[in-house]
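Protein chains get the first letters and strands the later ones, always in sequence-line order, with residue 1 at the start of each. Just so it is clear, the model here is predicted, and its values are computed rather than measured. Atom set for the values below is all heavy atoms of this structure, side chains included, hydrogens, waters and symmetry mates excluded.
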There are 2 protein chains.
Amino acid sequence: MAIDPIDISEEMTTFKEKLLDKGYKSTPQRDELVKWMFTSHEHFTADDVTEYFRSKGNKVSTATVYRVINLLLEFGLLIQHDFGKGAKYFEHILGHEHHDHLICINCDQIIEFVDNGIEKLQERICKKHGFKIKSHSLKIFVECTKKNCEYRSKD
Amino acid sequence: MAIDPIDISEEMTTFKEKLLDKGYKSTPQRDELVKWMFTSHEHFTADDVTEYFRSKGNKVSTATVYRVINLLLEFGLLIQHDFGKGAKYFEHILGHEHHDHLICINCDQIIEFVDNGIEKLQERICKKHGFKIKSHSLKIFVECTKKNCEYRSKD
DNA sequence: GTATGTGCAAAACGTTTGCAAGTTC
DNA sequence: GAACTTGCAAACGTTTTGCACATAC
């Protein structure tokens with residue numbers, strides 16, 4: 001799939017500002033990793049990142065990958081998902097309106113969708129219970145229609 | 001909190017029938033563990049179970065606890081949740097209509113709620129995308145109002 | 001020059017598995 | 001007694017951490 005390049009220069013600036021703000025330093029590793037994560041069009045795991053850089057011949061240590069991810073989470077520039085597939089999945093927030101996910105229980109397919117009904121529902125429920133909303137996560141587990149996915153459509 | 005005892009005898013029978021059905025055997029460990037899980041009014045982790053039995057002086061091995069949990073999941077008598085708190089949480093299905101969760105991001109409080117709007121929403125979305133619904137999970141992350149929970153209400 | 005970041009290997013965590021000994025049917 | 005279950009410890013996959021060395025400011 002062709003990647004239509006997003007302009008991430010503004011967000012890179014935000015990132016660097018946040019770094020300095022907190023007394024952290026700008027390094028080539030952080031730059032490269034953050035650039036990759038901001039440009040990624042998919043949900044990715046820590047391992048995806050490491051593997052990508054390894055395959056390009058640029059070694060990054062797992063530790064650094066996780067440290068950068070945690071930095072971005074702290075800055076609110078990355079969102080974490082738990083799709084029940086073992087590892088955590090991440091996704092940057094650039095130009096993404098809030099969305100939820102359809103997850104195939106058999107294969108790795110994850111589809112995003114947006115539905116305004118949920119936002120209203122969420123507000124209604126939190127108002128009723130008197131809590132302060134921070135975020136929500138709606139996952140609908142489905143069986144998808146990919147050809148390579150029929151293998152467990154028993155029951 | 002006083003526990004109002006539920007009658008689980010019917011479900012214990014179901015459990016034993018399913019065991020025999022699949023050529024598995026009934027053992028004292030399974031009985032005790034399943035009884036505890038069916039009687040539990042809370043979401044629990046594998047560790048909660050192990051700890052409970054240890055504290056009572058009845059040793060159970062972690063392996064057996066996990067094996068029983070997986071058995072109940074296989075039988076559809078237990079539901080698994082991922083609340084982003086590290087370990088998996090489990091909950092029996094007895095007398096529980098489907099519900100979703102409010103999760104405090106700071107403390108361990110998890111509140112259940114029922115809202116019919118979600119069911120309709122779920123159907124609408126799956127119909128639109130042409131997938132077969134298996135289940136859904138709506139989690140609303142909030143900050144709760146427990147006294148022991150104010151400690152991270154900054155930002 | 002000091003504080004912070006990196007990479008490595010080791011540890012930590014929740015969960016699963018191989019195997020010898022014990023139980024159930 | 002054949003098949004299944006248990007408990008232990010070892011293995012697992014993901015994520016974190018301690019530490020010596022390297023880098024940014």
Q) Is any side-chain nitrogen or oxygen of Gln29(B) closer than 4.0 Å to OP1 or OP2 of dG7(D)? A) yes
Q. When we call it a touch if two heavy atoms are under 4.0 Å apart, what does Asn70(A) touch: a base, just sugar-phosphate, or nothing?
A. sugar-phosphate
Q) Given atom NZ of Lys59(A) and atom C1' of dG7(C), what is their separation to the nearest angstrom? A) 12 Å
Q. Could you give the CG-to-P distance, from Leu19(A) to dA3(C), as a whole number of Å?
A. 19 Å
Q | Separation of dT6(D) P from Lys25(B) NZ (nearest whole Å) | A | 11 Å
Q | Protein-nucleotide distance (Phe83(B), atom CZ; dG14(C), atom C1'), rounded to Å | A | 17 Å
(Q) To the closest 0.5 Å, what do you measure between CH2 (Trp36(B)) and CZ (Phe53(B))? (A) 7.5 Å
Q. Which is true for Ser26(B) with a 4.0 Å heavy-atom rule: it touches a base, it touches only sugar-phosphate, or it touches nothing?
A. sugar-phosphate
Q. How is Ala63(A) classified with respect to the nucleic acid when contacts are heavy atoms under 4.0 Å: base, sugar-phosphate, or nothing?
A. base
Q.
As a test of reading the structure: which of dG7(D), dT4(C), dG7(C) is closest to the side chain of Tyr24(A), going by heavy atoms?
A. dT4(C)
Q. For Asp82(B) and dT14(D), what is the distance between atoms CG and P respectively, to the nearest whole Å?
A. 14 Å
Q.
With a 4.0 Å cutoff (strictly under), does any side-chain N or O of Thr27(A) reach OP1 or OP2 of dA24(D)?
A. no
**Q.** Pair Lys120(B) + Glu123(B), salt bridge at N-O below 4.0 Å
**A.** no
Q) Which nucleotide in the list dT6(C), dT24(C), dT6(D) gets nearest to the side chain of Pro28(B)? A) dT24(C)
Q. When the distance from CD of Glu51(B) to P of dC13(C) is rounded to whole Å, what number comes out?
A. 14 Å
Q. Quick one: Glu74(A) CD to dG5(C) C1', roughly how many Å, whole number?
A. 15 Å
(Q) Quick check: do Lys139(B) and Asp82(B) have side-chain heavy atoms less than 4.5 Å from each other? (A) yes
Q) Between dT14(D) atom P and Tyr89(A) atom OH, what is the distance in whole Å? A) 9 Å
Q) Which comes earlier along DNA chain C counting from the 5' end, the contact point of Gly86(B) or that of Arg67(B), where each point is its nearest nucleotide? A) Gly86(B)
Q.
Under a plain distance cut-off of 3.5 Å, with no hydrogens placed, do Thr45(A) and Asp48(A) share a side-chain donor-acceptor pair?
A. yes
(Q) Tell me whether the side-chain N/O atoms of Tyr66(B) come closer than 4.0 Å to OP1 or OP2 in dT15(C). (A) yes
Q: Would you indicate whether the side-chain heavy atoms of Leu77(B) and Met37(B) approach each other to under 4.5 Å?
A: no
